[in-house]
Amino acid sequence: MLQKQCVQYTRAGHQHSSSSLMASSSCRFLSPPLATASSRTLLSSILSTAATSRRRLLLSSTTTTICALAMAASSKSGSASCKVVDSHLHVWASPLQAAGEYPYFPGQEATLRGDVDFLLECMDEAGVDGALIVQPINHMFDHSLVTSVLKKYPSKFIGCCLANPAEDGSGIKQLEHLIVQEKYRAVRFNPNLWPSGQKMTNEVGRSLFAKAGELGAPVGIMVMKGISLYIQEIEELCTDYPATTVIFDHMAFCKPPTNDDEEKVFSSFLNLSRFPQVYVKYSALFRITREAYPYEDTSRLLSRVISSYGANRIMWGSDFPYVVPECGYKGAKEAISHVAGKIAVSSSDLEWILGKTVSQLFQGAWVTP
């Protein structure tokens, strides 16, 4: 990006300096009225050579100066708010850990490598500074593994716990404990975990949603079966509890519309931007595309979401480790800039999406002590 900016500025400077030099030449070196044709030819040749040399010198000087200024500005802006932050990933136990202190939930044994050591390697390679870890289904409501990671790397990770919608209401106290005592910063609602026939707007769901708002913890909603099934519940919760921030995982699982019904669903998702407390994760692109990597068709989704929500309510997420066999972790990050380039997303908006939005939403996170 910086190199492109330097080239653009250089070209502009080149054009400007050329016209200035030509004007200067015509003012200073007007040939005398009685000059011979040969002298005028010689003078023209000298002027042309001098102008070319000066243009080259000015071009070189302009390029060096502008690049230096841009690099200095970039360096000055490299504060915590400009870090690259992954808003959505998971970690779970290694096979050795699962055999001991951190067992998998029965029936949810991991088939991919998802330990924190592997994650750190991937983040380092991709140049990602921090992340929000979402409690994985592999450990269900046992948060001990993720909690251990958060305590070991407090400046690298913050946590999103998993809401337990048990009918006895025990999940409400668990939520408060995880946020207040264990310092989790968000909570995930998975409507598939609600008791059969129950909605997120039942008594327990409302209590969990209200408690999250009271504690300042955004609610991440995963509508894997499609947002159309839950749109009324979500609108009801957002209307009744405006203090609770909502984040849609994976663009609410909306793919680029291909027919009127899909367009209607996507439009209903965009219409939720009328609630100022609603944010969007442009995450897990492999889940919301109809194409192979680098998922260029998601540019249509991103363009419309930016128009409706604004880049300052959108955040990138990888969905590690599920993304690794799809395109690799580094590839997931690089796809964002590639797709953004297809719709001319500004560098400022891209900065919001790659880290500034999530950093401002979770104040004080990812700050090196």
Side-chain angles (χ1 to χ4, degrees), residues 84 86-90 111-112 114 122 126 128 131-132 134 136-137 188-192 220-234 246-273 278-311 313-346 349-350 352-354 357-358:
V84 176
D86 188 339
S87 73
H88 193 104
L89 53 73
H90 310 278
T111 58
L112 295 172
C122 292
V128 175
L132 172 64
V134 179
I137 198 70
R188 180 181 230 188
F189 271 32
N190 179 348
N192 295 330
I221 302 181
M222 183 182 72
V223 289
M224 185 171 281
K225 293 182 179 180
I227 193 171
S228 60
L229 296 176
Y230 310 104
I231 190 75
Q232 291 183 344
E233 297 170 53
I234 293 167
V246 170
I247 309 174
F248 281 109
D249 295 346
H250 314 327
M251 201 79 85
F253 287 83
C254 291
K255 292 187 176 184
T258 58
N259 55 52
D260 290 344
D261 289 339
E262 292 174 352
E263 174 60 34
K264 183 177 179 180
V265 171
F266 187 55
S267 294
S268 69
F269 163 61
L270 295 178
N271 192 38
L272 290 172
S273 63
V278 176
Y279 289 72
V280 177
K281 288 182 181 178
Y282 180 52
S283 53
L285 269 60
F286 64 94
R287 297 188 188 277
I288 59 174
T289 186
R290 298 183 189 279
E291 298 180 356
Y293 183 85
Y295 317 128
E296 290 184 2
D297 63 332
T298 65
S299 63
R300 290 183 286 153
L301 301 175
L302 181 60
S303 178
R304 295 176 66 182
V305 171
I306 290 176
S307 295
S308 295
Y309 286 87
R313 290 163 67 187
I314 303 169
M315 59 196 85
W316 163 70
S318 67
D319 202 18
F320 172 94
Y322 298 109
V323 74
V324 174
E326 300 292 336
C327 65
Y329 185 82
K330 185 179 180 181
K333 180 201 168 189
E334 292 175 341
I336 302 301
S337 297
H338 178 83
V339 171
K342 293 295 179 181
I343 52 173
V345 174
S346 70
D349 281 355
L350 188 58
W352 279 102
I353 294 168
L354 284 174
T357 297
V358 69

**Request:** Output the distance between atom CD1 (Ile234) and atom CD1 (Ile227), rounded to the nearest 0.5 Å.
**Result:** 4.5 Å

**Complete:** Distance col, row His88:NE2 vs Met315:CE, nearest 0.5 angstrom, shows 11.5 Å

**Message:** Side chains of Ile221 and Glu233, heavy atoms from C-beta outward: is any pair under 4.5 Å?
**Reply:** no

**Asked** Less than 4.5 Å apart, any side-chain heavy atom of Phe286 and any of Cys327?
**Response** no

**Prompt:** Salt-bridged, Arg300 to Glu262, with N to O below 4.0 Å?
**Reply:** no

Quick check against the 3.5 Å criterion: does [X] have a side-chain atom that pairs as donor or acceptor with the backbone of [Y]?
X      : Y      : result
Ser307 : Ser303 : yes
Thr298 : Thr289 : no
Arg188 : Asp249 : no
Ser308 : Arg304 : yes
Arg290 : Pro256 : yes

**Request:** Give a yes or no on whether the ring-centroid distance for Tyr293 and Tyr295 is below 6.0 angstrom.
**Result:** yes

**Message:** Tell me if the centroids of the rings in Phe269 and Tyr309 come within less than 6.0 Å of each other.
**Reply:** yes

Donor-acceptor contacts, no H, no angles, side chain residues 330-339, under 3.5 Å, sequence neighbours left out:
from, atom 1, to, atom 2, distance (Å)
Lys333, NZ, Ala126, O, 2.8
His338, NE2, Glu296, OE2, 2.8

**Request:** Consider only side-chain N and O atoms of Ser283 and Asp319, and report whether a donor and an acceptor are under 3.5 Å apart.
**Result:** no

